[in-house]
Amino acid sequence: MLLKEIKNIFHAELDVIYGKEEVDSFFYLLIEHYFDLERFILAIQPELVIDKAQEIVIFKALSELKLEKPIQHIMGTAHFMDLDFMVNKHVLIPRPETEELVRWVLDDFKTATNALTILDMGTGSGCIPISLDKNLTDAKVLGLDISTDALKVAEENNRLLNADVKFLHADILSLEKETSTKELNQKFDIVISNPPYVRELEKAEMQSNVIDHEPSLALFVPDEDPLKFYSAVVNYAAEHLNENGCLYLEINQYLGEETKHLLLDSNFKTIELKKDMFGNDRMIKGIKK
Ligand code: GLN
């Protein structure tokens, strides 16, 4: 079948759900991922034919897109900080906002000459600690998560990407029980976290491909206690950061001031609230007094 015919079928079937531009982008991502074809291929070879086996693969992806399965789950991989991370239904798909958080750390520490110890709390796919480990020359990086299924994905990414992150199974909400875990008793230079922060009341704003396919465990918090993970992370960081150590948090855009107050109440100084590329309050940094 002609590749351009398949592209037309994609538009005919999917434009109503996603819009023309996003369908174009899905189509090109898929032909690159599965067939190693670059996006300008149709400009060079408009009559390019793909074989039967390839047709099966691309039409399977089309039927999954119709069910609003995220493209990253279809391909099994997501691009983050110029690296390809394996993802599945047990982990959050890495978001561009989280890249901005990682870049903030790298901007602050790129020229650091001392060895850094770093902890990522609620690591999911491991995208945060692995990309920090790959981009910092001398860092000892740890990641923890409550989900053993997520930790399997993180470990696999660590292996596939040749990183050297150590992953631990632990619950952010009961770290006081982890006093025997020596890795969690040490002091860190950087603590970072993108914990669950979406309130049930915000579900209405979310797309069904997120609600139906990504892990609720990584996303949602109760309306009446939306900062429960932040209190735990801030308390832990206040105890376990070195003097002048830094805490970096991805946050709920509607709770910037409230999250800032948690840090103010816990011995952090120079607290900075930062917007993401969409203009929403999305990140906070605090320095330990
Ligand atoms: N930013 C993610 C979303 O809106 C949520 C991430 C999180 O809860 N930590 O889907």
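Both ligands and their constituent atoms are indexed starting at 1 by order of listing. Excluded from the calculations below are hydrogen atoms, water molecules and symmetry mates; all remaining heavy atoms, backbone and side chain alike, are included.
Hydrophobic cluster membership differs between L241 and I192, with clusters built from Ile, Leu, Val, Met, Phe, Trp and Tyr side chains linked at under 4.5 angstrom.
Within 6.0 Å of NE2 on H11 lie more than 12 heavy atoms contributed by other residues, nucleotides or ligands.
Classified by interplanar angle (parallel below 30°, tilted 30° to 60°, perpendicular above 60°), the ring pair Y18/F26 is perpendicular.
Considering only residues two or more places apart in sequence or on other chains, D84 meets the salt bridge (charged side-chain N to carboxylate O under 4.0 Å, His left out) condition with none of them.
Not one N or O on the side chain of N209 forms a donor-acceptor pair closer than 3.5 Å with the backbone of P70.
Sorted by chain then number, the residues whose non-hydrogen atoms approach ligand 1 to under 4.0 Å are L92, R95, N194, P195, P196, Y197, V198, M206, A218, L219, E250.
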Side chain to side chain donor-acceptor pair (under 3.5 Å) evaluation trace for N252 with E202: CA-CA 10 Å; N252 182 314; E202 285 153 10; 3.1 Å; yes
